[in-house]
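Okay, so here's the structure we're looking at.
All chains are named by letter (A, B, ...) in the order of the sequence lines, taking the proteins before the strands, and each is independently numbered beginning at 1.
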There are 2 protein chains.
Amino acid sequence: MTLENISTNKSFGGWHKQYSHHSATLNCDMRFAVYLPPQIADGTKVPVLYWLSGLTCTDENFMQKAGAQRIAAELGIAIVAPDTSPRGEDVADDPQGSYDFGKGAGFYVNATQEPWNRHYQMYDYVVNELPTLIESNFPVTEQRAISGHSMGGHGALMIALRNPERYRSVSAFSPISHPITCPWGKKAFTGYLGSDLETWKQYDSCELMKQATGKLPAFVDQGTEDEFLTEQLKPELLEAAAKKNNYPLELRMQEGYDHSYYFIASFIEHHLRFHAGYLK
Amino acid sequence: MTLENISTNKSFGGWHKQYSHHSATLNCDMRFAVYLPPQIADGTKVPVLYWLSGLTCTDENFMQKAGAQRIAAELGIAIVAPDTSPRGEDVADDPQGSYDFGKGAGFYVNATQEPWNRHYQMYDYVVNELPTLIESNFPVTEQRAISGHSMGGHGALMIALRNPERYRSVSAFSPISHPITCPWGKKAFTGYLGSDLETWKQYDSCELMKQATGKLPAFVDQGTEDEFLTEQLKPELLEAAAKKNNYPLELRMQEGYDHSYYFIASFIEHHLRFHAGYLK
């Protein structure tokens, strides 16, 4: 697999880089960003935090707005931020042009329905193809953590719950906790997966958490003034599912914070230190 | 003067807010952003850092990308980020649509040439109208510092050099140090000010620094891999002018850093702590 370096910026003594590559899984060219901390300069291999972004985002939102590099540089953690859907002119998009389906809204599932199944295989891309690519091209270990925001918080939790052997820890900001019961999730899952509820459940963090056996340290931050809190996100249902199964989830409700990157930036340090505790 | 609140986001225990207002100086409606640190909640008045952004920017770039709120919250400093030019359909723009003249490129001067003189009075707006507005509407003291990036670094240095009684300290990232000798500056000054070199000199930090009498603590960070370093920025000329006049300027060349916000984010903490030392 060939990587093309698109940009490089020195950042907190390390390097922010963007790459493009052909994804066999997604059947299109993809871009991702990686932050490499200064520790790699002397040959040290570092663990990786995968960050999954929310609706409408690309690899750039987190890298430009979260302020994570400062702490990643201190802790010696690489961060990888993939795009949120397949891209390119050949890739089907929502004919209505909505922000919550199609490009920018891959929902981290493997689509089974035409025409989405030709490219929308974000679950396999994030779980398998991308880590293989990262681990064969960058000075990183196989120690992985995963985190994300909103649709990406759903992705991080769901992927960690299904693959506990591949990650050390998981966290999320404002995750879509129970997509099979909220408007964003129902629309996306109907489109990508069809109408069978049993298929949907494999991608639902609440459903997965209730029956998870391999358990990871899990941490969620949620703003109380988030406009999507009650209709779309429902973290209380995730907390209830965790309690039912004795799953080690901590949910922090953050008074007055909203759904924006101003919220993420305010608490990303805590998430990175949480993951660092399990990546060493 | 009436302020309209456009947005509010909680950030590091404080508040990021955008406002619009009618500017009498610029003869148009303007937007600015303010970060209010948590200290104001108990009635404390805080000092203000004014941040001037570079070409093509609005009030949003710094607030979203620099990661300054964390340190401002710790130090108890408000940050005000104005837009970079007058705005609106009535405001003349470069007919060529270039990024370095017209809207988004006000260069912090008072234009004397038609049609620019009708709205492009950014010097007076930043020096007088905006601080008056801020100090009569927010819980802030009259202690001010000023900083900026690129075109905004030019603005910060030039404004501090001309108004040392109004600021406690000044800093800049990658400033256009000697605009009367570089392509960006020559183009802007010719357009806004006409062809008289003496008029240009009032807005040139190197010229002003050579003869400054009121001296402020001044600090500049410059990346060595900045693509604009040798043709547009020329910090070595600013350093030479400071030495000539015994001006207390520190210039740090930062190895490997470029002109982007990844550079600014890496060193903004040092700038805020520098200003905090003089604002108390």
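Options Gly223(A), Gly67(A), Gly256(A), Ala73(A) differ in how many heavy-atom pairs under 4.5 Å they form with chain B, and the most are formed by Gly256(A).
For the atom pair CG (Leu272(B)) and CG (Leu75(B)), the distance works out to 6.5 Å, reported to the nearest 0.5 Å. We find the CD1-CD1 distance between Ile71(A) and Ile77(A) to be 9.5 Å, quoted to the nearest 0.5 Å.
In this structure, Pro175(B) and Leu233(B) have side chains that are not in contact, with every pair of non-hydrogen atoms separated by 4.5 Å or more. Using a 4.5 Å heavy-atom cutoff, the side chains of Ile79(A) and Phe62(A) are in contact. Side-chain atoms of Val80(A) and Leu49(A), non-hydrogen and from C-beta on, never get closer than 4.5 Å to each other. At least one side-chain heavy atom of Leu52(A) sits under 4.5 Å from a side-chain heavy atom of Val126(A).
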Output all donor-acceptor pairs under 3.5 Å across chain A and chain B; consider backbone as well as side chains.
residue: Asn9(A); atom: ND2; partner: Asp258(B); partner atom: OD2; Å: 2.7
residue: Lys10(A); atom: NZ; partner: Glu255(B); partner atom: O; Å: 2.8
residue: Phe12(A); atom: N; partner: Ser266(B); partner atom: OG; Å: 2.7
residue: Gly13(A); atom: N; partner: Tyr257(B); partner atom: OH; Å: 2.7
residue: His16(A); atom: NE2; partner: Tyr262(B); partner atom: OH; Å: 3.3
residue: Glu255(A); atom: O; partner: Lys10(B); partner atom: NZ; Å: 2.8
residue: Tyr257(A); atom: OH; partner: Gly13(B); partner atom: N; Å: 2.7
residue: Asp258(A); atom: OD2; partner: Asn9(B); partner atom: ND2; Å: 2.7
residue: Tyr262(A); atom: OH; partner: His16(B); partner atom: NE2; Å: 3.3
residue: Ser266(A); atom: OG; partner: Phe12(B); partner atom: N; Å: 2.8

